[in-house]
Number of protein chains: 2
Amino acid sequence: MANKIIKSRVAQNINCFNCCSRHLCIAGGSLNTSEIDYLNGLIQKVVILKKQEHLFHAHSEQKNLYAVYKGSCKEYWIDENGNYCVTNFYFPGDLIGLESISDRTHLLSVVALEPTELCVISLNDFSLMQEKVNILKRFIDITSMKMRNDRSAKMGVTAHERVSDFLLNLISRMLERNQTINHVPLPMSQLDISNFLNIAHETVNRIFKNLARQKIIKIQNKVLTVLDISELERLGRLDYSLKKD
Amino acid sequence: MANKIIKSRVAQNINCFNCCSRHLCIAGGSLNTSEIDYLNGLIQKVVILKKQEHLFHAHSEQKNLYAVYKGSCKEYWIDENGNYCVTNFYFPGDLIGLESISDRTHLLSVVALEPTELCVISLNDFSLMQEKVNILKRFIDITSMKMRNDRSAKMGVTAHERVSDFLLNLISRMLERNQTINHVPLPMSQLDISNFLNIAHETVNRIFKNLARQKIIKIQNKVLTVLDISELERLGRLDYSLKKD
DNA sequence: CGTGCTATTGAGCGTGGTCAACTTTTGTGG
DNA sequence: CCACAAAAGTTGACCACGCTCAATAGCACG
């Protein structure tokens, strides 16, 4: 596999000010212009990944945090018995690598689900940021929100609930990204979803088909369209309307 | 229910230096004496809870973070359909309230499983701490570790795996607290465990009995004794030996 | 234009959920 | 301290949800 391409953000015309996901990323919250300017100056590089290309592998040294700029990624690990375990999906504005900061070793692997670009926050830059209290507060807020979000994606008891909750979680994340409920990207395979939810992939497929037959959702070309959100909420245990604000 | 008792740490002779869980709490890591001294000066109060008494309820304003000093707590919420959902258990050295920092509103409720004492870190104190870079780094490390730990408690696919993983997770946390594998406290009910793991409580009971019959564990008076750790690891998907260091 | 991955559908069966009954433990008030 | 009530734990029977296996169709990549 080709080595991943790293370019300068300036050359790619990427910066925090014109980034349409910045409200979800570090540059969001209540940071003022000069603080974002400072951030923007620190973050110099972008990694450009092709589909299926790894951002990093588990057990490697963690040198950076990453913020998804464009595209999407899958996080996974291989357990002691050789099982492939999908642990998360990342979309524009999400920070990758937070759970590894404490020991600077990646616990998990991350791979691109489609052509993807990620801003590189070196841990050195991150140390510098720690001098700026407001930026650090923002960082802590993001970590706190991530914990909430991770809890809600796979909570249901039954397979129907779990699939519904997964979709509701995706939908609420896409709404945060100013997408519409009529066009929610599903870049991951049903196999990935089934693995993430601890459900057989045949079951995931049957539930998708079921929901489609009941005209609750429609899936075409890796794009989800929600036809009856209130019915989907009834099936899941999450209430996305609570998280809309 | 009686209002919770709040006392000064000094009066209770509690401080970060003589706390036997400090290596897990904010005062651990590589903080030096003067930094811990600063921390210790900021944290003035202890909350003392009786069994079944709430530390806070979901939807209330978050005024503090809490560090368990002694005892244990259960975290839960009530979903839209009225289901009681256990989301975590906390032991000495654990920080409570991290996922609520971003909007200063508790997402979850926390209740004591036994007589419990918690150090109170007001969010004001927390803001002050943010001026001390090393303390904040330590805080971020803890958050990062919490994310790892939360992932590992309920990972298995089958009921046997999930119960085994839950026990392995508890064991590894107790080892961090200098407890022995022969005396792991189980202050929560089997009902709580079943709810946390999304498993029927009858199933949890049967699996405990099974493990006991196979002489892998023994449970008496809410205390777990591990008789065959390698067999327990084989049944679960976690490898506690990886986390012993 | 094949080769391999992903999606789809069917049939059979086992894990574990549900319901029910009972015992044991814990907590509360007389 | 005992009596009673409530909660927690235990055990058995039943059966359904969802897993496994299998076979085929669609799709994407070289």
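Nothing here was measured: the structure is a model prediction, and the numbers come from that model. So that the names make sense, note that chain A is the first sequence line, chain B the second, and so on, each numbered from 1.
- With respect to A/Y84, the ring pair (Phe, Tyr, Trp, His ring centres under 6.0 Å) criterion is satisfied by exactly one of A/W77, A/Y76, A/F196: A/Y76.
- Of the charged side-chain nitrogens involved, at least one lies within less than 4.0 Å of a carboxylate oxygen, so that B/E231 and B/R234 count as a salt-bridged pair.
- Within the model, atoms SG of A/C25 and CG of A/L95 stand 5.0 Å from one another, a figure rounded to the nearest 0.5 Å.
- Using a distance-only test at 3.5 Å, with no hydrogens or angles considered, no donor-acceptor pair links the side chain of B/S109 to the main chain of B/H57.
- Formation of a donor-acceptor pair under 3.5 Å by the B/R9 side chain with backbone atoms of B/I43 is found in this model.
- For the helix from C/dC1-D/dG30 to C/dG30-D/dC1, the axis fitted to the five pairs at one end and the axis fitted to the five pairs at the other end meet at an angle of 60° (nearest 10 degrees).
- For DNA chain D, none of the residues of residues 213-221 of chain A falls under the heavy-atom distance limit of 4.0 Å.
- Remark: B/P187 engages B/S72, B/F91, B/L113, B/E114, B/P185 in a side-chain contact (heavy atoms from CB on, under 4.5 Å) (not counting sequence neighbours).
- Contacts of A/K74 classified as salt bridge (Lys or Arg N to Asp or Glu O under 4.0 Å), with partners at least two apart in sequence or in another chain: A/D192.
- Note that the first and last nucleotides of DNA chain D, 5' to 3', having any atom under 4.0 angstrom from a heavy atom of chain A are D/dG18 to D/dA22.
- For the side-chain contact (heavy atoms from CB on, under 4.5 Å) test, residues two or more places apart in sequence or in another chain that qualify with A/K7 are A/I5, A/Q12, A/I48.
- A/D79 pairs by the salt bridge (Lys or Arg N to Asp or Glu O under 4.0 Å) definition with B/R237, not counting sequence neighbours.
- Taking the side-chain contact (heavy atoms from CB on, under 4.5 Å) definition, one finds that B/S122 meets it with B/N64, B/N124, B/D125, sequence neighbours left out.
- In the model, A/T203 has no side-chain atom that pairs as donor or acceptor with a side-chain atom of A/N205 under 3.5 Å.
- A heavy-atom distance below 4.0 Å to DNA chain C is reached by these residues of residues 199-206 of chain B, ordered by number: B/I199, B/A200, B/E202, B/T203, B/R206.
- Looking at residues two or more places apart in sequence or on another chain, you find no salt bridge (Lys or Arg N to Asp or Glu O under 4.0 Å) involving A/E75.
- In this structure, CG in B/L118 is found 15.0 Å from NZ in B/K45, a value given to the nearest 0.5 Å.
- Nucleotides of DNA chain C with any atom under 4.0 Å from a heavy atom of chain B span, from 5' to 3', C/dG16 to C/dG27.
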Report, one line per pair, each donor and acceptor closer than 3.5 Å where one atom sits in a side chain of residues 207-216 of chain A; sequence neighbours left out.
| from | atom 1 | to | atom 2 | distance (Å) |
| --- | --- | --- | --- | --- |
| A/N210 | OD1 | A/R213 | NH2 | 2.7 |

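- For the pair A/S21 (side chain) and A/L24 (backbone), a donor-acceptor distance under 3.5 Å is absent.
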